[in-house]
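Data first, discussion second: the structure below is written as structure tokens.
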Amino acid sequence: MKKVTKAVIPAAGLGTRFLPATKALPKEMLPIIDTPNIHYIVKEAVEAGITDILIIVSHAKEPIEDYFDVNYELETRLKETGKLKQAEEIREIANMANIFYVRQKEPKGLGDAIGYARSFASGEPIAVLLGDDLIDDKERPAIGELIEAYEQTGGTILGCRRVPKELLRKYGVVKPTAKAEGKVFEVMDMVEKPKDPSLAPSDIAVLGRYVLPPEIFDVIARTPKGVGGEVQLTDAIKLSLEKRKCYACLFTGERYDIGDKFGYIKATLDFALRRDDLRENVLDYLRRINEENR
Ligand code: G1P
């Protein structure tokens, strides 16, 4: 079995939930404190052993390419003014991985976007990381857990967690086998964004991480449009169940839905509380707000 060394990050969406900022800035570049959120996604992949990353973009996403490129002028300026550590930091970003870009020509859904990775994958399995799901795992990268499950089972792997019933409508929801237990278990069926909790086959949702086998591209090509008139990755995976087993992997680590404003605030606060340069001030401020609002 081929080792998983390639990852795909879809980043073609308009980011309408973060307008007006996303009128002029890709949502992937919105910072958690001082670091664009896509940096954390790339870092997670790199820490799991990924060497090559394809970012699927659309027009007006050039700031992402600039961010992962070398910026000689800025580096030179920083060095000239003695800011050597910062110069080194911005250089390291350009060396994180081999990053490639392709444009999704029309917004036709996540399945369609992943379809653009066919020649990048070139017959190998791919890890997929969605930017709206930020997973902070101090011990090991979430996608690394999925890659391990892929290596053990050889099946399609879905990064999953249990979510409250009222939120299931936002996600792809899996139907596990009757004897589902432990961290990795087989999935028999999936439903993309069930309108009502009663239509959801379980409370186990797919949260933005996948390892997909090489044949997924042929399956995507024959997947009809689904929810929202878009080609859904969930539907393609469902079709692929005929030939390839599929497993849910309940990853550990704190997951933030940063496609949601409150989720974004939570991530920002938690990340700040973990930083020595910010923790005390942020805690003091939170205590003060708490007192004032009692
Ligand atoms: C996508 C997928 C959905 C998955 C979700 C994870 O939906 O279609 O199956 O559960 O990501 O975050 P989106 O949030 O892009 O609408």
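Every number for a ligand or one of its atoms is a count from 1 in the order of the listing.
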At what distance is the nearest protein heavy atom to [atom], and which residue and atom is it?
| atom | value |
| --- | --- |
| atom 12 (O) of ligand 1 | Asp133 OD2, 2.8 Å |
| atom 11 (O) of ligand 1 | Leu130 CD1, 3.3 Å |
| atom 8 (O) of ligand 1 | Glu192 OE2, 2.6 Å |

By number and element, which atoms of ligand 1 are closer than 4.0 Å to a non-hydrogen atom of [X]?
| X | answer |
| --- | --- |
| Gly172 | 3 (C), 4 (C), 9 (O), 10 (O) |
| Gly208 | 6 (C), 12 (O) |
| Lys193 | 7 (O), 8 (O), 13 (P), 16 (O) |
| Gln232 | 8 (O) |
| Thr234 | 9 (O) |

Test: Glu65 and Lys61 ion pair at under 4.0 Å
no
Is it true that Asp257 and Lys170 make a salt bridge, defined as a side-chain N closer than 4.0 Å to a carboxylate O?
yes
Indicate whether the side chain of [X] and that of [Y] have a donor and an acceptor atom separated by less than 3.5 Å.
| X | Y | value |
| --- | --- | --- |
| Ser240 | Glu215 | no |
| Asp136 | Tyr40 | no |
| Asn37 | Glu28 | no |

Establish whether atom 14 (O) of ligand 1 and some protein heavy atom are separated by less than 4.0 angstrom.
no
Would Tyr116 and Val128 show up in the same hydrophobic cluster when neighbours are defined by side-chain heavy atoms closer than 4.5 Å?
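They do share one cluster, since a chain of ILVMFWY contacts under 4.5 Å joins Tyr116 to Val128.
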Is Val191 linked to Tyr171 within one hydrophobic cluster, defined over Ile, Leu, Val, Met, Phe, Trp and Tyr using a side-chain heavy-atom separation of less than 4.5 Å?
no
Are the aromatic ring centres of Tyr264 and Phe18 under 6.0 angstrom apart?
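Ring centroids of Tyr264 and Phe18 are less than 6.0 Å from each other.
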Polar contacts were defined as any N/O atom of the residue lying under 3.5 Å from an N/O atom of the ligand; does this apply to Val206 and ligand 1?
yes
Backbone or side-chain N or O of Leu207 under 3.5 Å from ligand 1 N or O
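In this structure, Leu207 places no N or O atom under 3.5 Å from an N or O of ligand 1.
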Mind checking whether Asp257 contacts ligand 1 via backbone (N, CA, C, O), side chain (CB onward), both or neither, at a 4.0 Å heavy-atom cut-off?
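Near ligand 1, Asp257 shows nothing, with every heavy atom at 4.0 Å or more.
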